[in-house]
Chemist: 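Quick one: the structure is below, questions incoming.
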Amino acid sequence: MPEEALLRLEGEVETIVFRNDENGYTVLEIADGDDVITAVGVMPPVAAGDKVVLMGGFTEHRVYGRQFAARTCEICRPSESADILRYLSSGAVKGIGPSTAQKLVKEFGDSTLEVMEQQPERVALLRGISSEKARDFAVQLKANAGIRTLMLFLGEYGISNVSAIKIFNALGADSAQKIKENPYVLCQGDFGVSFERADFIAKRENMENDCEVRVCAGLSYVLRQNEGNGHTCLPKDKLTQVAADYLNVAYDRAAECLEQMLFDRSLLPDRIGERDFVFTPPQHLNEMFIASRIKLMLSFPAEPEQRVEQAIADLERRNHIQYAALQKEAVSAALNEGLLVLTGGPGTGKTTTLNAIIKILQSRGKKVLLAAPTGRAAQRMSELTGDDAKTLHRLLGVNWDRQDNPVFQKNEQNQLKCDALIIDEMSMVDSFLFAGVMRALPLGCRLILVGDSDQLPSVGAGNVLGDLIDSGVLPVVRLNEIFRQAQQSLIVTNAHKIVNGQMPVLNRADRDFFFMYRTVKAEAAELICDLCAERLPNAYGYSPFDAIQVLSPSKKGELGTAELNEKLQARLNPPAADKAEATIGGKTFREGDKVMQIKNNYDIRWFRDNGETGEGVFNGDIGVIEKIDRKAKLVRVHFDDKTAALTYEACTDLDFSYAVTVHKSQGNEFDAVILPMFAGPPQLYYRNLLYTAVTRAKKTLILIGLPQTVEAMVNNNRQTKRYTALKTFLTRDESMY
């Protein structure tokens, strides 16, 4: 039977085994003739005695055995006295036990539920039931009915029960009515509903193309979509034009609706330079808060350390090392100023400088915390410093609210306990995450930010590292001397050539940087597969799953990540009788596949070998599929530092990672990197992207293709344009606004 085929199960609910009211996940027993079947899934509130119709399929749970996994659930509300009595006696309505249920049914008969919901004042006339209790019963029944109505309504448009529960928690008991009046509320929260889907519902509800709710929703949608491209704001005129074109409405109509949104503060205006910009409130708050905290730290810095020069000299003598002048300047700034941005390319001694700062602070009894944006970056930081480093999400204690929006346990009321915080790979940190850091940082704590400003900016909205450096308001030390040991690496020297606009050396075959000339894309793809499957593992012992990473500037095309992943999966992990596989979202995943999480999911539970557990798998996490349980519809993935069991639905945010885009490789380093070099669009083939790709390789880098493509990328010094306001907020006098 195809995986998509659904079975129908109809019967009466015998027992509610478990229910999570936050997300609707339910385990119940349902009578099916003489049999009792366990059913699981996200359902509206159900109770013993309910007659239900479930659509789904049978699975085999490794602990609980055979279960019916429900995709949809329709409830037939009890209408006869006996059924209503059983329904109310089961505890379906909090505050009603068997005796109260008998009293209600005896008084109102078959109309009991209708009276309870619509006429609570009549219920309050019964002995022992107060007006407050009667109103509470009515609220509960309306809520239960509201969730059922909402699930049925949204199910017609292909919106899942999981999304329906989130929507109900956000919009309340009359969610369905609110959506009918304004379907665009669906795409304005984190409900997993696109503007196009909301637009389709609106058309079914006969809403006008240029009605205010549609145009306002379109303006918000365009702004939020551009946050996905890294922008924290957009020029007002640009936003208006793009939204008007997207919605197919007049520019004046879009401008009129935008003015209304600015007036009611659903969007926020600000002036940057000579141009008016528009923000969503969270993005404006994030950048304003970061700027205000940086200014406060500069006004009230950490207490300067004493005898810093002597401490540096002692380290040099003890470790038989000679720090360069800029390294000493960085150490002094970190210990005297209390706030420092340390930047520089590969081989310039950032790690050595960092270790000096850490050792001096620790020798003086200071508590130093280390963090990085990704698991791999944190792991590498630990290896290089010898101290424990955490991901920023783990450091801040990520959690989530009822609408599944991430919140941090560490904040202004519960700050980090440390004397210094050092963050590596700052180029990857977006404004939302850095605002979280600044909220959790106690005043007087040292902050050292380390990163390579020539790499690509963060995947999320903002240009934090670049704006901090460009603002000129805080100490910045840029290391630019390549040390002798690093000069032996062509990866390092060529990376510096690239970032300085010079052609890298491509004709050497005796070091760690190799160029393999190919003119035909199909031949290049075959060579990539050979290198991953045989040549590099045989020559260097590199594992194609752990040590080798294929990068590409693009997702599309013969040498884009989509086609390369298909070829590499066939070569490295072909079908086998002993490997389970599952087709999810158009992708056939197989046990042993190398995969990447492509979207933050704060609901996924994980565990570590040491018994530690937690929740949250994040954009860019790389792992390998260990097991696919087709009956339970679960996929177990071992990521770098944790293992997680993902539902099939959660796997829609997984992609293959035999080949990934350069953007997705940020924060990671690999023993060997393979990069195809054939012509592509200038907006994807530019200097900083090539530089970022080259600096992902630790030991071996192989470029395959045409030297003129390398030259074109080196000469294309296209700066990734991001509309952000942090630099402006850091430098302007707020008393003037």
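Side-chain atoms are counted along with the backbone in the values below, which use heavy atoms only and exclude waters and symmetry mates.
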Chemist: Could you check whether any side-chain N or O of Thr15 sits under 3.5 Å from a backbone N or O of Glu29, counting only pairs where one atom can act as donor and the other as acceptor?
Modeler: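 No: the side chain of Thr15 does not pair with the backbone of Glu29.
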
Chemist: Identify whether the distance between the nearest side-chain nitrogen and carboxylate oxygen of Glu591 and Lys579 falls below 4.0 Å.
Modeler: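 Here Glu591 does not pair with Lys579 in a salt bridge, since their nearest N and O are not under 4.0 Å apart.
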
Chemist: Do the side chains of Met596 and Val660 get nearer than 4.5 Å, heavy atoms only?
Modeler: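 Yes, at least one pair of side-chain atoms sits under 4.5 Å.
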
Chemist: Could you measure the distance from the CD atom of Gln597 to the CG atom of Asn619? Nearest 0.5 Å is fine.
Modeler: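 Here the rounded value is 7.5 Å.
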
Chemist: Should Leu675 and Arg696 count as side-chain neighbours, where that means a heavy-atom distance under 4.5 Å?
Modeler: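 Contact flag for Leu675/Arg696 side chains = no.
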
Chemist: Quick check: closest heavy atoms across Pro457 and Asn463, and the distance to 0.1 Å?
Modeler: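 What the structure gives for the nearest pair is CB-OD1, 4.0 Å.
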
Chemist: Taking all heavy atoms of Cys532 and all of Pro537, pick out the closest pair and write down the distance.
Modeler: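 Looks like O-CG, 3.2 Å.
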
Chemist: Just by distance, do the side chain of Asn610 and the backbone of Glu612 share a donor-acceptor pair under 3.5 Å?
Modeler: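 Here the side-chain-to-backbone pair exists.
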
Chemist: Taking the side chain as C-beta and beyond, is there a heavy-atom pair between Val185 and Ser175 under 4.5 Å?
Modeler: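 No. Closest side-chain heavy atoms not under 4.5 Å.
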
Chemist: Quick one: do Asp621 and Lys642 make a salt bridge, cutoff under 4.0 Å?
Modeler: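 So Asp621 pairs with Lys642 through a salt bridge.
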
Chemist: Please assess Val624 against Glu626 for the test side chain to side chain contact (heavy atoms under 4.5 Å, CB included), listing each intermediate value before the final yes or no.
Modeler: CA-CA 6 Å; Val624 173; Glu626 292 185 331; 5.6 Å; no

Chemist: Are Ser431 and Gln283 close enough that a side-chain donor and a side-chain acceptor fall under 3.5 Å?
Modeler: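 Gln283 and Ser431 do have a side-chain donor-acceptor pair below 3.5 Å.
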
Chemist: Quick one: pull up CG in Leu568 and CD1 in Ile674 and give me the separation to the nearest 0.5 Å.
Modeler: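 If I round to the nearest 0.5 Å, the distance is 8.0 Å.
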
Chemist: Report yes if the side chains of Ile201 and Tyr184 come closer than 4.5 Å at any heavy-atom pair, otherwise no.
Modeler: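 A side-chain contact is absent here, since even the closest heavy-atom pair is not under 4.5 Å.
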
Chemist: Listing request: all ring-ring contact (aromatic ring centres under 6.0 Å, His included) pairs with a residue in residues 655-675, at least two apart in sequence or in separate chains.
Modeler: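 Listed by first then second residue: Phe589-Phe656.
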
Chemist: Is there a ring pair (Phe, Tyr, Trp, His ring centres under 6.0 Å) between Phe289 and Phe434 once you walk through the steps?
Modeler: CA-CA 10 Å; Phe289 184 82; Phe434 195 58; over 10 Å; no

Chemist: Please determine whether side chain to side chain contact (heavy atoms under 4.5 Å, CB included) holds for the pair Glu425 and Met381, giving the CA-CA distance in whole Å, both sets of side-chain angles, and the decisive distance to 0.1 Å.
Modeler: CA-CA 10 Å; Glu425 294 288 354; Met381 195 180 188; over 6 Å; no

Chemist: Enter the distance from Asn411:CG to Leu396:CG here, rounded to the nearest 0.5 Å.
Modeler: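 Going from CG on Asn411 over to CG on Leu396, the span is 9.5 Å.
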
Chemist: If I take atom CD from residue Glu563 and atom CG from residue Asn565, how far apart are they, to the nearest 0.5 angstrom?
Modeler: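 Between Glu563 CD and Asn565 CG, I get 10.5 Å after rounding to 0.5 Å.
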
Chemist: For the residue pair Thr724 and Asp467, confirm or rule out a side-chain donor-acceptor distance under 3.5 Å.
Modeler: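 Note: Thr724 and Asp467 side chains meet the donor-acceptor criterion.
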
Chemist: Do Thr280 and Glu227 have side-chain N/O donor and acceptor atoms under 3.5 Å apart?
Modeler: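 Per modelled atom types, Thr280 and Glu227 side chains form a pair under 3.5 Å.
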
Chemist: Do Thr232 and Glu287 have a side chain donor and acceptor closer than 3.5 Å?
Modeler: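 Yes, a side-chain donor-acceptor pair sits under 3.5 Å.
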
Chemist: Would you check if Lys633 and Glu649 make a side-chain contact, meaning some heavy-atom pair closer than 4.5 Å?
Modeler: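 No, every pair of side-chain atoms sits at 4.5 Å or beyond.
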
Chemist: Counting N and O atoms only, with roles assigned by atom type, does the side chain of Thr391 sit under 3.5 Å from a partner on the main chain of Gly375, one being a donor and the other an acceptor?
Modeler: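 Flag not set: sc Thr391 to bb Gly375 has no pair under 3.5 Å.
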
Chemist: Please determine whether side chain to side chain contact (heavy atoms under 4.5 Å, CB included) holds for the pair Leu28 and Phe68, giving the CA-CA distance in whole Å, both sets of side-chain angles, and the decisive distance to 0.1 Å.
Modeler: CA-CA 10 Å; Leu28 56 80; Phe68 188 86; over 6 Å; no

Chemist: Would you confirm whether Arg376, through its side chain, and Ile622, through its main-chain N or O, come within 3.5 Å as a donor-acceptor pair?
Modeler: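 No, the answer is negative, given that no donor and acceptor are paired below the 3.5 Å cut-off.
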
Chemist: Any salt bridge linking Glu669 with Lys698? Criterion: basic side-chain nitrogen under 4.0 Å from a carboxylate oxygen.
Modeler: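 No, no charged N to carboxylate O under 4.0 Å.
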
Chemist: How are the rings of Tyr25 and Phe18 set to each other: parallel, tilted or perpendicular (split at 30° and 60°)?
Modeler: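 Tyr25 vs Phe18 ring planes: tilted.
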
Chemist: Any non-hydrogen side-chain atom of Cys187 less than 4.5 Å from a side-chain atom of Arg197?
Modeler: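 The answer is no, as the side chains (C-beta and beyond) never meet within the 4.5 Å cut-off.
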
Chemist: Does the side chain of Leu416 reach to within under 4.5 Å of the side chain of Cys445, using non-hydrogen atoms?
Modeler: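 No, their side chains stay 4.5 Å or more apart.
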
Chemist: Distance only, no hydrogens: is a donor on one side chain within 3.5 Å (strictly under) of an acceptor on the other, for Gln409 and Asn414?
Modeler: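 Their side chains do not contain a donor-acceptor pair, so the 3.5 Å distance test is not met.
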
Chemist: Please round to the nearest 0.5 Å and tell me the distance separating atom CD1 of Ile16 and atom OG1 of Thr26.
Modeler: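 The OG1 atom of Thr26 is 6.5 Å from CD1 of Ile16, to the nearest 0.5 Å.
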
Chemist: Treating Gln569 as the side-chain partner and Thr588 as the backbone partner, does any N or O pair qualify as donor plus acceptor under 3.5 Å?
Modeler: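 Indeed, once roles are kept as given, a pair shorter than 3.5 Å links the two residues.
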
Chemist: First locate atom CG of Leu684, then atom CG of Leu689, and finally report the distance between them rounded to the nearest 0.5 Å.
Modeler: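 Taking CG in Leu684 and CG in Leu689, the distance rounds to 7.5 Å.
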
Chemist: Is the closest side-chain heavy-atom distance between Tyr648 and Arg630 below 4.5 Å?
Modeler: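 A side-chain contact under 4.5 Å exists here.
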
